[in-house]
Amino acid sequence: GAVVSQHPSRVICKSGTSVKIECRSLDFQATTMFWYRQFPKQSLMLMATSNEGSKATYEQGVEKDKFLINHASLTLSTLTVTSAHPEDSSFYICSASIAGARQETQYFGPGTRLLVL
Amino acid sequence: KQEVTQIPAALSVPEGENLVLNCSFTDSAIYNLQWFRQDPGKGLTSLLLIQSSQREQTSGRLNASLDKSSGRSTLYIAASQPGDSATYLCAVMNTGFQKLVFGTGTRLLVSP
(Lines give C-alpha, C1' and ligand atoms only; values in the text may rest on other atoms or scores of the structure.)
Protein backbone atom coordinates (compact mmCIF):
# COMPACT_ATOMS: atom_id res chain seq x y z
CA GLY A 1 0.00 0.00 0.00
CA ALA A 2 0.80 3.73 0.03
CA VAL A 3 2.11 3.99 -3.52
CA VAL A 4 2.86 7.31 -5.14
CA SER A 5 3.40 7.61 -8.88
CA GLN A 6 4.81 10.39 -10.99
CA HIS A 7 4.35 11.08 -14.66
CA PRO A 8 6.34 11.47 -16.76
CA SER A 9 9.42 9.75 -15.41
CA ARG A 10 11.62 11.66 -17.80
CA VAL A 11 11.05 14.69 -19.99
CA ILE A 12 13.21 16.67 -22.36
CA CYS A 13 11.98 20.04 -23.53
CA LYS A 14 13.17 23.15 -25.29
CA SER A 15 13.97 26.29 -23.40
CA GLY A 16 10.91 28.51 -23.02
CA THR A 17 8.33 25.76 -22.98
CA SER A 18 6.21 24.69 -20.02
CA VAL A 19 6.28 21.23 -18.52
CA LYS A 20 3.66 19.62 -16.30
CA ILE A 21 4.54 16.86 -13.85
CA GLU A 22 1.84 14.80 -12.18
CA CYS A 23 1.99 13.22 -8.75
CA ARG A 24 -0.66 10.68 -7.84
CA SER A 25 -1.40 8.72 -4.71
CA LEU A 26 -2.62 5.41 -6.10
CA ASP A 27 -4.17 3.66 -3.14
CA PHE A 28 -4.78 6.35 -0.57
CA GLN A 29 -6.05 9.87 -0.19
CA ALA A 30 -3.38 12.47 0.41
CA THR A 31 -4.24 15.58 2.37
CA THR A 32 -0.84 17.06 1.76
CA MET A 33 1.66 16.68 -1.03
CA PHE A 34 5.19 17.94 -1.12
CA TRP A 35 7.40 18.85 -4.07
CA TYR A 36 11.17 18.52 -3.87
CA ARG A 37 13.98 19.30 -6.25
CA GLN A 38 17.29 17.48 -6.34
CA PHE A 39 20.30 18.66 -8.32
CA PRO A 40 23.00 16.13 -9.26
CA LYS A 41 24.87 14.79 -6.25
CA GLN A 42 22.95 17.08 -3.94
CA SER A 43 20.22 16.44 -1.42
CA LEU A 44 16.53 17.02 -1.73
CA MET A 45 15.31 20.56 -1.24
CA LEU A 46 11.68 21.21 -0.43
CA MET A 47 10.09 23.53 -2.96
CA ALA A 48 6.52 23.73 -1.77
CA THR A 49 3.79 22.12 0.27
CA SER A 50 0.35 21.74 -1.21
CA ASN A 51 -2.90 20.97 0.53
CA GLU A 52 -5.95 19.78 -1.37
CA GLY A 53 -8.18 22.66 -2.35
CA SER A 54 -5.93 25.44 -1.17
CA LYS A 55 -2.96 27.39 -2.43
CA ALA A 56 0.48 25.89 -2.12
CA THR A 57 2.99 27.20 0.39
CA TYR A 58 6.33 27.89 -1.25
CA GLU A 59 9.73 27.76 0.40
CA GLN A 60 11.88 30.85 0.46
CA GLY A 61 13.59 31.43 -2.85
CA VAL A 62 11.15 29.35 -4.91
CA GLU A 63 9.27 31.41 -7.48
CA LYS A 64 5.58 30.60 -7.24
CA ASP A 65 4.87 32.08 -10.67
CA LYS A 66 7.46 29.83 -12.24
CA PHE A 67 6.56 26.64 -10.41
CA LEU A 68 2.79 26.40 -10.48
CA ILE A 69 1.31 23.82 -8.15
CA ASN A 70 -2.25 22.57 -8.31
CA HIS A 71 -3.65 20.10 -5.78
CA ALA A 72 -7.14 19.69 -7.20
CA SER A 73 -8.04 16.39 -5.58
CA LEU A 74 -6.97 14.13 -2.74
CA THR A 75 -5.07 11.91 -5.15
CA LEU A 76 -3.48 14.33 -7.61
CA SER A 77 -1.08 17.24 -7.45
CA THR A 78 0.61 18.80 -10.44
CA LEU A 79 3.75 20.88 -10.76
CA THR A 80 4.08 23.01 -13.87
CA VAL A 81 7.47 24.47 -14.69
CA THR A 82 6.63 27.52 -16.77
CA SER A 83 9.01 28.93 -19.37
CA ALA A 84 11.61 26.35 -18.46
CA HIS A 85 15.29 27.19 -18.79
CA PRO A 86 18.38 24.97 -18.67
CA GLU A 87 18.96 25.86 -15.01
CA ASP A 88 15.60 24.26 -14.21
CA SER A 89 17.00 20.90 -15.29
CA SER A 90 16.77 18.74 -12.20
CA PHE A 91 15.17 15.70 -10.58
CA TYR A 92 11.75 16.55 -9.21
CA ILE A 93 10.28 14.28 -6.52
CA CYS A 94 6.89 14.47 -4.88
CA SER A 95 5.69 12.92 -1.66
CA ALA A 96 2.30 12.53 -0.06
CA SER A 97 1.02 12.09 3.45
CA ILE A 98 -2.11 10.11 4.20
CA ALA A 99 -5.25 11.99 5.12
CA GLY A 100 -6.20 11.37 8.72
CA ALA A 101 -3.07 9.40 9.52
CA ARG A 102 0.05 10.51 11.32
CA GLN A 103 1.23 13.39 9.23
CA GLU A 104 4.90 12.68 9.67
CA THR A 105 4.83 9.76 7.27
CA GLN A 106 5.53 10.81 3.71
CA TYR A 107 5.45 8.41 0.79
CA PHE A 108 7.70 9.35 -2.08
CA GLY A 109 7.18 9.08 -5.79
CA PRO A 110 9.86 7.70 -8.14
CA GLY A 111 10.81 11.15 -9.40
CA THR A 112 10.79 12.96 -12.72
CA ARG A 113 13.97 13.91 -14.47
CA LEU A 114 13.66 17.17 -16.40
CA LEU A 115 16.20 18.21 -18.99
CA VAL A 116 15.78 21.61 -20.57
CA LEU A 117 17.79 22.16 -23.72
CA LYS B 1 17.21 27.16 10.54
CA GLN B 2 17.69 23.42 10.70
CA GLU B 3 20.76 22.11 8.90
CA VAL B 4 21.49 18.44 8.42
CA THR B 5 24.93 17.11 7.58
CA GLN B 6 26.04 13.60 6.76
CA ILE B 7 29.51 12.14 7.04
CA PRO B 8 31.15 10.63 5.11
CA ALA B 9 29.95 11.92 1.76
CA ALA B 10 31.06 8.70 0.11
CA LEU B 11 32.09 5.31 1.38
CA SER B 12 33.47 2.25 -0.39
CA VAL B 13 33.75 -1.05 1.47
CA PRO B 14 34.18 -4.72 0.62
CA GLU B 15 31.25 -7.03 1.03
CA GLY B 16 30.68 -8.33 4.54
CA GLU B 17 31.91 -5.31 6.46
CA ASN B 18 29.87 -3.64 9.16
CA LEU B 19 29.62 0.09 8.64
CA VAL B 20 28.30 3.25 10.24
CA LEU B 21 26.84 6.28 8.56
CA ASN B 22 26.60 9.52 10.48
CA CYS B 23 24.04 12.28 10.50
CA SER B 24 24.10 15.48 12.53
CA PHE B 25 21.55 18.25 12.86
CA THR B 26 21.80 21.72 14.33
CA ASP B 27 18.38 22.16 15.97
CA SER B 28 17.56 19.49 18.55
CA ALA B 29 13.84 20.38 18.62
CA ILE B 30 12.95 17.59 16.26
CA TYR B 31 9.77 15.55 15.99
CA ASN B 32 11.43 12.59 14.33
CA LEU B 33 14.35 11.51 12.19
CA GLN B 34 14.22 9.21 9.20
CA TRP B 35 16.75 7.32 7.17
CA PHE B 36 16.08 6.81 3.47
CA ARG B 37 17.74 4.93 0.69
CA GLN B 38 17.93 6.32 -2.85
CA ASP B 39 19.08 4.29 -5.83
CA PRO B 40 20.53 6.23 -8.79
CA GLY B 41 17.85 8.13 -10.65
CA LYS B 42 15.11 6.78 -8.39
CA GLY B 43 12.86 7.99 -5.64
CA LEU B 44 13.28 7.39 -1.92
CA THR B 45 12.67 4.27 0.11
CA SER B 46 12.07 4.79 3.80
CA LEU B 47 14.30 2.56 5.92
CA LEU B 48 13.78 3.58 9.52
CA LEU B 49 11.90 6.27 11.40
CA ILE B 50 12.87 7.24 14.93
CA GLN B 51 10.53 9.34 17.02
CA SER B 52 12.13 12.03 19.18
CA SER B 53 11.34 10.03 22.30
CA GLN B 54 13.10 6.92 21.00
CA ARG B 55 16.76 6.01 21.12
CA GLU B 56 16.94 3.51 18.30
CA GLN B 57 15.08 1.48 15.71
CA THR B 58 16.03 -1.78 14.07
CA SER B 59 15.01 -3.45 10.84
CA GLY B 60 16.88 -6.54 9.73
CA ARG B 61 20.55 -5.67 9.26
CA LEU B 62 19.88 -1.99 9.86
CA ASN B 63 19.99 -0.20 13.18
CA ALA B 64 19.51 3.52 13.61
CA SER B 65 20.23 5.39 16.79
CA LEU B 66 19.26 8.88 17.86
CA ASP B 67 20.88 11.19 20.38
CA LYS B 68 18.65 14.22 20.20
CA SER B 69 20.52 16.29 22.77
CA SER B 70 23.75 16.10 20.85
CA GLY B 71 22.05 16.37 17.47
CA ARG B 72 23.31 13.08 16.11
CA SER B 73 22.05 9.90 14.52
CA THR B 74 23.88 6.89 13.18
CA LEU B 75 22.81 4.20 10.75
CA TYR B 76 24.54 0.90 11.33
CA ILE B 77 24.55 -1.63 8.51
CA ALA B 78 25.66 -5.11 9.45
CA ALA B 79 27.27 -7.56 7.05
CA SER B 80 27.06 -5.25 4.07
CA GLN B 81 26.10 -6.63 0.67
CA PRO B 82 26.54 -5.29 -2.88
CA GLY B 83 22.79 -4.73 -2.96
CA ASP B 84 23.22 -2.16 -0.20
CA SER B 85 25.00 0.13 -2.66
CA ALA B 86 22.97 3.32 -2.84
CA THR B 87 22.82 6.82 -1.43
CA TYR B 88 21.59 7.02 2.14
CA LEU B 89 19.81 10.16 3.25
CA CYS B 90 18.78 11.19 6.72
CA ALA B 91 16.00 13.70 7.21
CA VAL B 92 14.59 15.43 10.26
CA MET B 93 11.15 16.80 10.90
CA ASN B 94 11.10 19.70 13.32
CA THR B 95 8.50 19.92 16.04
CA GLY B 96 5.44 21.80 14.84
CA PHE B 97 6.22 21.37 11.15
CA GLN B 98 5.49 18.73 8.56
CA LYS B 99 8.55 19.60 6.53
CA LEU B 100 11.45 17.22 6.14
CA VAL B 101 14.94 18.69 6.06
CA PHE B 102 17.29 16.36 4.26
CA GLY B 103 20.95 15.77 4.82
CA THR B 104 23.58 15.85 2.14
CA GLY B 105 23.65 12.07 1.76
CA THR B 106 26.27 9.33 1.89
CA ARG B 107 26.99 7.41 -1.32
CA LEU B 108 27.77 3.84 -0.39
CA LEU B 109 29.46 1.33 -2.64
CA VAL B 110 29.79 -2.26 -1.46
CA SER B 111 32.06 -4.28 -3.71
CA PRO B 112 31.79 -8.06 -4.04
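Letters A, B, ... mirror the listed sequences (proteins, then strands); counts begin at 1.
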task: Would you mind checking which part of L46(A) comes under 4.5 Å of any heavy atom in chain B, side chain (CB onward), backbone (N, CA, C, O), both or neither?
output: side chain
task: Nearest 0.5 Å please: distance from the CZ atom of F102(B) over to the CD atom of Q42(A).
output: 14.5 Å
- request: Would you mind checking which part of Q38(A) comes under 4.5 Å of any heavy atom in chain B, side chain (CB onward), backbone (N, CA, C, O), both or neither?
  value: side chain
Hydrophobic cluster membership, L33(B) vs Y76(B), 4.5 Å side-chain cutoff: no
- prompt: Among L89(B), L44(B), T45(B), V4(B), who wins on heavy-atom pairs under 4.5 Å with chain A?
  reply: L44(B)
field: Hydrophobic cluster membership, L49(B) vs I77(B), 4.5 Å side-chain cutoff
entry: no
task: Taking atom NZ of K64(A) as the centre, report whether more than 12 heavy atoms of other residues, nucleotides or ligands fall under 6.0 Å from it.
output: no
message: Please say yes or no: joined through hydrophobic side-chain contacts below 4.5 Å, possibly via intermediate residues, are Y36(A) and I69(A) part of one cluster?
response: no
- prompt: So if you build clusters from Ile, Leu, Val, Met, Phe, Trp, Tyr with side-chain heavy-atom gaps below 4.5 Å, do V4(A) and L76(A) land together?
  reply: no
message: Taking Y31(B) as the starting point, is it possible to reach L47(B) by hopping between hydrophobic residues whose side chains are less than 4.5 Å apart?
response: no
message: Would you say that more than 12 heavy atoms from the other residues, nucleotides or ligands in this model lie under 6.0 Å from the CZ of R61(B), or not?
response: yes
- request: Give a yes or no on whether H85(A) atom NE2 has more than 12 heavy-atom contacts from other residues, nucleotides or ligands under 6.0 Å away.
  value: yes
message: Taking atom CZ as the centre, does R72(B) end up with more than 12 heavy-atom neighbours from other residues, nucleotides or ligands that are less than 6.0 angstrom away?
response: no
message: Which one wins on heavy-atom pair count under 4.5 Å against chain A: G103(B), A91(B), A9(B)?
response: G103(B)
- request: Could you check if a side-chain atom of L100(B) sits within less than 4.5 angstrom of a side-chain atom of F34(A), using non-hydrogen atoms only?
  value: no
Rounded distance (nearest 0.5 Å) linking atom CZ of F91(A) with atom CD of Q38(B): 6.0 Å
- prompt: Contact part of T104(B) toward chain A, heavy-atom cut-off under 4.5 Å: side chain, backbone, both or neither?
  reply: backbone
message: Could you measure the distance from the NZ atom of K99(B) to the CD atom of E59(A)? Nearest 0.5 Å is fine.
response: 3.5 Å
message: Checking an interface table here. Which of residues 110-117 of chain A come within a heavy-atom distance under 4.5 Å of chain B?
response: P110(A), R113(A)
query: After noting the C-alpha distance and the side-chain angles of Q106(A) and M93(B), does the key distance pass the side-chain contact (heavy atoms from CB on, under 4.5 Å) rule?
result: CA-CA 11 Å; Q106(A) 293 183 25; M93(B) 181 177 290; 4.2 Å; yes
